Each structure stands twice: as C-alpha cells, then as structure tokens.
Asks: 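Dropping a structure here in structure tokens format, bear with me for questions.
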Amino acid sequence: MIDHLLGRPSVKSRRLQVLAVLAFWSTYLFKGPKHGPPVFRLFSRLLSKRLTAWQTVVMTMMYLYAARNFSTLVGLASPDPLANMYDATYFRATWALTALDAGFWTAMKIKSKWLRDLASIVFSLFYMVAAEKADEKVRKVRSNITVEHLRVSWNKGVSSPYLRFMQGLLQPRFTRWPPRAIRIPRPATSDYKEPVSAWLYFDGPLSELEHHDRIVLDIPGGGFVAMDPRCNDDKLLAWAAKTGLPILSLDYKKAPEYPYPYALNECYDVYSTIVKSRGRCIGLSGKGVPKVVITGDSAGGSLATSMTLMVIESGSSPVRRFQGQADLPIPAGLVLFYPSLDMNIGSWMSDEQMALIKDRNMRGTNKRIVQRKTMQYNNLVGTPHQSDDEDDPATTTSGSKSLSSPERDSSDTPLHTEHTRDPAPEYAHSGPSTWTEIQQAQPLPPPPPQQKQQQQQHQRKASAASHHPLPMRTRLATSSMISYFNDRVLTPEMMRAMIILYVGPHNRPDFSKDYLLSPILAPDVLLARFPKTYFLTGERDPLVDDTVVFAGRLRRVKAAQMASRGARFEYRDEDAHTPGFDDKEVAEVALIPGISHGFLQFPAVYPPAYKLFERIAGWIEDGFADAERRETRAAGSIREEDEEQAKKGRHHFRQESSGDEDRPLEMMSMTRARTRSVREGEEKSKVAAASAATTATTGLADIADEASGDEEVVNGSGSGGSNGNNNGLGTGSGKLRKKGAARRARTKGDKSLVKLKSSDDLLGRRMHGLASGLTGVPADAE
C-alpha cells in the first residue's frame with residue numbers, strides 16, 4: 001500500500017512495508033499484553049479456555065484465506081481470461097512451465113550456483129501450489145524482461161542438474177548412441193573464419209555415415225538469444241531413431257553478442273560447406289552432393305526460411321543479391337514448426353493478408369482463423385453470428401444483401417428515401433460516402449404502388465423487430481500476435497525484446513522490405529523456386545498468422561507460375577484450377593487446435609508431443625521422396641524436349657534466360673544441370689570471369705566459390721550427384737515409400753493427433769474466444 005500511496009511502485013518500498021509490519025506485530029506479541037488490546041481482552045480470555053494454540057492458528061489462517069478469496073466465494077470474482085483458450089493437456093503443461101519460470105526467476109540472483117539450483121527447485125514447487133502467485137510473478141518479469149531472464153527460462157532444462165535428472169527419468173530411450181559435438185568449417189570464400197558448432201544425432205557409429213546421401217539440417221529456436229541443440233534432445237533423438245538419418249543441429253551464435261545477420265550467415269555457410277564438401281564435413285562418403293531437408297522451430301524457422309531464400313538467390317535468381325557465387329542446389333524440403341516470419345509486429349491484418357487467409361482453396365485449414373477474425377466485431381457488440389459461408393463483408397450471399405453495399409437490390413430498399421432507417425441499431429456512425437452522393441444526385445422514379453406497399457409492410461415488420469440486433473460487418477481483423485497477447489508462453493513484450501536483441505544496437509533495418517529479416521516479405525520471384533514446405537503450428541499461437549499467410553503466398557505464386565508456364569507471378573482466381581496443380585505439392589499446413597507456442601520443446605509435461613515427433617519424421621521422409629519425384633518429372637520433361645528438338649533436325653542450345661522461363665519453375669535447377677554438360681566449352685571460357693567476380697561480391701553473406709571449386713561441385717551435382725542418388729534409390733526408394741505409407745496410416749488412426757476439421761473456422765474461433773467474456777457466450781459454443 002505504501003508504494004501505491006507514494007505513486008511509485010517498487011520492490012524496495014514493498015519490502016520496507018513488509019518488514020515494518022512484521023517488526024511491529026512481533027514487538028507487540030512479545031512486549032504487549034498477552035490478551036491483546038482492551039477491546040479484545042474479554043474475547044481472548046474466553047477463547048483461550050476453549051481453543052488450543054494449534055486450533056487458534058489454524059482457524060486464523062483459514063479465515064484469512066477465506067477473506068482473501070471472498071469474491072470467489074460469493075461469485076463476484078473476475079472471469080479467467082484463459083478459461084477456454086487452451087485444451088486441458090496444454091494448459092497443465094503451461095501451469096508447470098509457469099511455476100518453473102517463476103521459481104528460476106526468483107532464485108536467479110543467488111550467486112552460489114549450488115544454492116541457486118536448489119532454491120530454483122524449491123521455489124518452483126512453491127509456485128506449483130501458489131499458481132496465482134506464479135502468474136503474477138511471470139507477468140511482472142515479462143513486462144520488464146531482459147536477455148538474462150530469457151536465457152534462464154529457456155536454458156533451465158540444460159543448466160539445472162535437477163531438471164536434467166528428472167528429464168532423464170521421463171525421457172524414453174530413442175537411440176543407442178549419444179549426440180556428438182562437431183565443428184563445421186566455413187567455406188573458403190566466407191567473410192568469417194571461425195567454425196560453426198553443431199551437434200550430430202545419429203543412431204549408429206560414425207563409420208556408417210558413408211552409406212548415407214541424405215542429411216537433416218536442424219536450426220533450433222530460442223528467440224535468437226538462447227537454447228542450443230541439447231535443449232531439443234527429445235525431438236532430435238526421436239527423429240534420428242525413426243528416420244535412421246543423420247540429424248545435424250546447429251549451435252549458432254546468439255544475440256545480442258552476435259546480432260543479425262551473424263546467425264543467418266552461419267546457417268548459410270554450413271549449408272554451403274555441406275554442398276561443396278559433398279557431405280564429407282560430417283563423415284559422408286562425398287560421392288555425390290547429399291540431399292538436405294531443413295527443419296526449424298520458432299526463431300529457427302525464421303533462420304531456415306531466410307537461409308533458403310539466400311540459397312535460391314545465391315547465383316541463379318534474377319534478384320542476384322550474391323553476384324558471382326555458385327548456384328547452390330535448393331533444399332529438398334522445409335519442415336517448419338510455429339516459425340516467426342514477420343518481425344514487423346502489427347495490430348491489424350491487411351486486405352492482402354486477409355485474402356490469403358480466406359482463400360477458398362484453404363477453407364479446410366484456415367476456416368477457424370477466418371471465423372475468429374471476422375466475428376470479432378460481432379462478439380464485441382453482442383450481435384448474432386454471420387453466415388459461415390460468407391467470405392467477405394462486402395460481398396452478398398444468396399440469403400441476404402449487404403446493408404451498406406452499392407449493389408443492394410432496389411426492390412428491398414428504396415434508393416430515394418432519405419428518412420428511411422435500417423432496422424439495425426446504429427452501433428457506429430458513417431460519414432458521407434460516394435454512394436450517398438450518387439443517391440442524391442440521381443434520384444430514381446418512385447416505385448409502383450404494389451411495390452411501395454410491400455416496402456411499407458417490410459418496414460413495419462422490421463421496426464417491430466428492431467430490438468433484435470442484426471450482424472454488424474467490419475473489415476477489421478486483429479493479428480494473431482494481438483489476439484493472443486495474454487499467451488502463457490509467448491507475449492508481445494517477449495517478442496519485442498527478442499527483435500530488439502536480434503537486430504542489435506547498430507542496425508536499422510527496413511521492416512517493410514528486408515525479407516531476410518522478415519521472410520514473409522520475400523519477393524514472388526524467390527517464392528516461385530521455394531521447395532515444398534511443411535508447417536506445424538498451434539491454432540492459438542501468436543505466430544499462427546505467419547504460417548497461414550506465408551503458406552498462402554507460396555500456393556498462389558506456384559499456381560500462377562504453373563498456369564502461365566512461368567510467364568507471370570500475379571495470382572488469378574482460375575490459377576488454382578490449373579490441370580496438374582496440387583497445392584499439397586507446394587505446402588502442407590497442420591494447425592493443432594487448443595494449443596499455442598513451443599509445444600515440441602517440453603514433451604515431458606506435454607506427452608502428445610511424442611506423437612508429433614513421429615508425424616514429423618514421416619514429413620522428413622516424404623520431403624526426400626517428393627524431391628526425388630520432382631527430379632524424375634523434370635528429367636522426363638527434358639528428355640521430351642530433346643526428342644522434339646531432334647525431330648526438328650536442328651541442335652538447340654538452351655540458355656538460362658529463356659529455357660527456364662518456358663517450363664514450371666521446379667524444373668529450373670535440373671535444366672541448368674542438364675544443359676551444363678552441353679555448354680561445357682562455354683563454361684570453361686567463363687571461369688576467369690567468375691573468379692574475378694568472386695572478389696567483388698558483397699551482401700549479407702559473401703559466400704562465393706572459387707573457379708575450380710565451382711566446376712567440381714557443378715559436375716558432382718549434375719552427373720556424379722545424380723549417379724550417387726540413383727544408387728541410393730535403387731535399394732531404398734521402395735522401402736521408403738512403404739515406410740512412409742505405414743507411418744501415414746498410423747498417424748491417421750492416432751486419435752491424439754488432432755487436426756482442425758474442414759467445417760471449423762480457425763479465424764472465427766480466435767475472435768470468438770477473445771470476446772466470449774464480454775458477450776457471455778462460451779468460447780466453445782459455435
């Protein structure tokens with residue numbers, strides 16, 4: 001109370017207040033009368049004859065507890081904003097995580113490590129019981145969070161010996177071999193010379209790596225400031241066991257000591273080294289360029305996406321940010337978990353973003369999101385729900401006409417009646433519009449008597465029912481970051497802190513244009529060559545909009561490219577119906593209802609994560625299989641073109657600027673690889689020019705190949721690489737397909753892997769949950 005009276009709340013003033021109260025009553029108990037002040041002495045003497053000291057203490061504590069929870073007892077307590085936000089399993093997990101965060105943050109200032117580790121567990125157990133105290137502690141810390149708080153919270157699973165011991169008891173044994181720490185050298189042309197630290201997860205001896213030609217490159221999350229690969233042992237060991245592939249997880253340098261773009265350059269350099277060394281840097285045979293599937297969660301998903309954009313524009317893209325560098329092969333696929341793709345945190349969704357989310361082809365996935373966003377206004381004002389089939393507030397449906405649309409029928413509403421009012425209450429006023437000016441400037445003739453009588457009858461019915469509010473329509477929709485600002489795992493204050501720390505004190509990026517910082521802004525010309533991407537995100541994740549918007553952009557760009565045979569990137573409605581186009585070959589999005597961010601990080605307290613590990617392992621295998629099918633189709637298309645040219649009786653040398661533009665973009669890299677052997681003489685004459693251009697290369701990651709190194713990698717990827725891949729596929733492709741089909745069958749039958757139904761509307765569920773407390777309608781009511 002003292003700090004509130006002073007008008008400056010502080011921990012110091014509250015501490016002084018507590019000490020003063022304790023000192024006063026302690027002195028009074030020992031020095032003052034035993035039966036208290038004169039008013040209470042009679043009651044004290046009477047009660048002391050009937051109650052023991054133990055009973056007195058217990059009754060005192062009981063009544064104090066009842067007094068603190070008086071509003072709850074009489075039904076006047078405020079509703080819990082998280083009552084219907086998460087499912088029960090995820091909420092229990094966040095309860096444990098909140099208690100751990102509160103306990104570790106309480107003890108983080110203790111200097112002695114052994115005492116700090118012990119006190120962290122003791123305080124966490126206390127906060128397990130005092131859950132409201134834990135919520136208050138975490139809320140106050142996050143409002144003024146620092147990088148030390150973030151690291152203590154996210155690294156506690158590795159730094160605390162007691163938590164490591166408990167995780168070891170709960171963690172199933174996936175592999176026989178522990179992770180190995182390795183260091184990946186930088187490319188010779190990199191601006192940086194320090195090797196990149198990484199951990200190799202492989203269920204077998206290192207000598208068996210020479211039989212593999214596939215690698216999973218994992219980029220862990222942690223807000224760019226914390227969490228090394230060992231914080232993800234459950235996930236990575238499960239993948240290594242279920243896929244049998246080597247999993248290379250990067251321990252990139254963290255901000256703020258190494259701000260943007262240092263970590264991004266590390267990821268790019270590792271990928272470049274893997275390609276140039278043909279996998280020898282981690283123990284592969286080096287007979288061919290290995291295929292790589294890239295995975296990333298949260299901040300790692302941002303780095304994985306940005307790194308893929310750098311690879312695409314490394315040497316062959318029209319953007320050509322990295323002039324003179326080798327044309328690195330595009331990854332076989334991407335698997336992203338709740339990625340952070342937009343650093344420009346905003347409150348409102350733009351029309352373009354809403355169009356991507358509300359695309360008719362994505363109704364089965366995004367319907368909950370659409371409904372939750374579009375119903376926010378109606379829930380706030382307490383009006384009925386609009387039709388689930390309505391796509392846009394400005395459009396009309398067969399059952400109703402827009403009250404504000406210029407296209408409304410004159411038979412329903414007379415255009416010249418200035419004093420006629422709509423039956424809906426005026427929740428908001430509107431200023432003069434172009435439509436009202438048209439009405440006044442061009443009055444229509446009066447309607448026929450019969451039509452006028454029908455209109456008057458309609459108005460009488462409407463006025464009689466005017467106390468029933470009609471749906472109010474709005475084009476406003478809040479972003480998921482603002483919709484779930486009270487999330488228990490990721491809050492706007494934490495996002496703000498992570499972005500500031502990641503950007504660093506000396507950078508001033510353009511958040512509206514820098515697509516390596518915000519991959520959601522990537523140009524269409526780069527997205528057209530993006531590999532197939534899998535997304536796994538929680539429905540209530542503050543970053544869920546990043547997933548659905550980026551996946552929508554990928555689908556539209558790919559559809560436009562296929563429909564126009566590479567001539568345009570602008571999307572048209574008919575592009576989605578192009579023969580041969582399947583949006584599942586572009587991106588697959590899985591939104592898990594009732595959960596938020598980071599659910600793969602804590603399987604010990606969220607057991608359904610173990611089922612998701614198996615599902616992701618199937619995605620990884622499918623990613624490699626899809627890449628092989630694309631190569632096969634591309635090779636077949638090239639053979640058909642060669643036969644057609646041979647029939648015409650003339651030899652045609654395809655150039656990169658023309659041959660690649662006349663076929664689907666997924667064939668571009670194979671076209672260049674195939675035609676490089678035809679133009680081998682021309683390439684030799686360009687070696688000197690490429691070597692000179694290497695020295696002048698500038699950009700975020702100046703990774704350029706030397707002339708001899710470029711020639712070796714190109715030949716390996718074109719001929720040697722394909723031979724190596726074919727050898728591996730000759731014995732393993734059939735097993736891979738059978739294993740992937742079995743895995744998909746198991747996943748389909750597993751009831752714990754819940755996906756959103758096609759009839760549910762994720763966007764509407766979000767807005768309905770936000771406003772359910774105001775309208776008194778439960779969030780689960782549809």
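Positions are given from 1, in the same order as the sequence printed here. The structure displayed is predicted, hence computed values, not measured ones.
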Asks: Side chains of D487 and S596: do they bring a donor and an acceptor to under 3.5 Å?
Replies: yes

Asks: Hey, which of T537, T94, L543 is the one that makes side-chain contact (heavy atoms from CB on, under 4.5 Å) with H597?
Replies: L543

Asks: So does D297 pair up with K235, basic N to acidic O under 4.0 Å?
Replies: yes

Asks: Taking everything shown except M61 itself, do over 12 heavy atoms lie less than 6.0 Å from its CE?
Replies: no

Asks: Taking atom types as modelled, find out whether T491 and E493 have a side-chain donor-acceptor pair closer than 3.5 angstrom.
Replies: yes

Asks: For W105 and H149, indicate whether the former's side chain and the latter's backbone hold a donor-acceptor pair under 3.5 Å.
Replies: yes

Asks: Would you mind checking if E136 and R142 are paired as a salt bridge, meaning a charged N to carboxylate O distance below 4.0 Å?
Replies: no

Asks: With no hydrogens and no angle check, is any side-chain donor or acceptor of S518 less than 3.5 Å from a backbone partner on D342?
Replies: no

Asks: Could R68 and Y63 be counted as a cation-pi pair, given that NZ or CZ must be under 6.0 Å from the ring centre and within 45° of the axis?
Replies: no

Asks: Evaluate the side-chain proximity of F511 to V503: yes if any heavy-atom separation is below 4.5 Å, no if none is.
Replies: yes

Asks: For D117, is there any backbone N or O sitting under 3.5 Å from a side-chain donor or acceptor partner on S160?
Replies: no

Asks: With salt bridge (charged side-chain N to carboxylate O under 4.0 Å, His left out) as the test, pick out the partner of D101 among K137, K156, R488.
Replies: K156

Asks: Compare all side-chain heavy atoms of Y252 with those of P220 and state whether any distance is below 4.5 angstrom.
Replies: yes

Asks: For a quick check under 3.5 Å, do D233 and Q171 share a side-chain donor-acceptor pair by atom type?
Replies: no

Asks: Give a yes/no verdict on a cation-pi contact between K611 and F613, requiring under 6.0 Å between NZ or CZ and the six-membered ring centre and an angle within 45° of the axis.
Replies: no

Asks: How about K113: does its NZ atom have over 12 heavy atoms from other parts shown lying under 6.0 Å from it?
Replies: yes

Asks: With the side chain counted from C-beta on, respond yes when L150 and L501 share a heavy-atom pair under 4.5 Å apart, and no when they do not.
Replies: yes

Asks: Can you tell me how the ring of F602 sits relative to the ring of Y90, calling it parallel under 30°, perpendicular over 60° and tilted otherwise?
Replies: tilted

Asks: Is it true that a side-chain atom of S120 and a backbone atom of A107 form a donor plus acceptor pair closer than 3.5 Å?
Replies: no

Asks: Using atom types as modelled and distance alone, determine if a side-chain donor or acceptor of R540 lies under 3.5 Å from a backbone N or O of P593.
Replies: no

Asks: Y502 vs F224 aromatic rings, parallel, tilted or perpendicular, using cut-offs 30° and 60°?
Replies: parallel

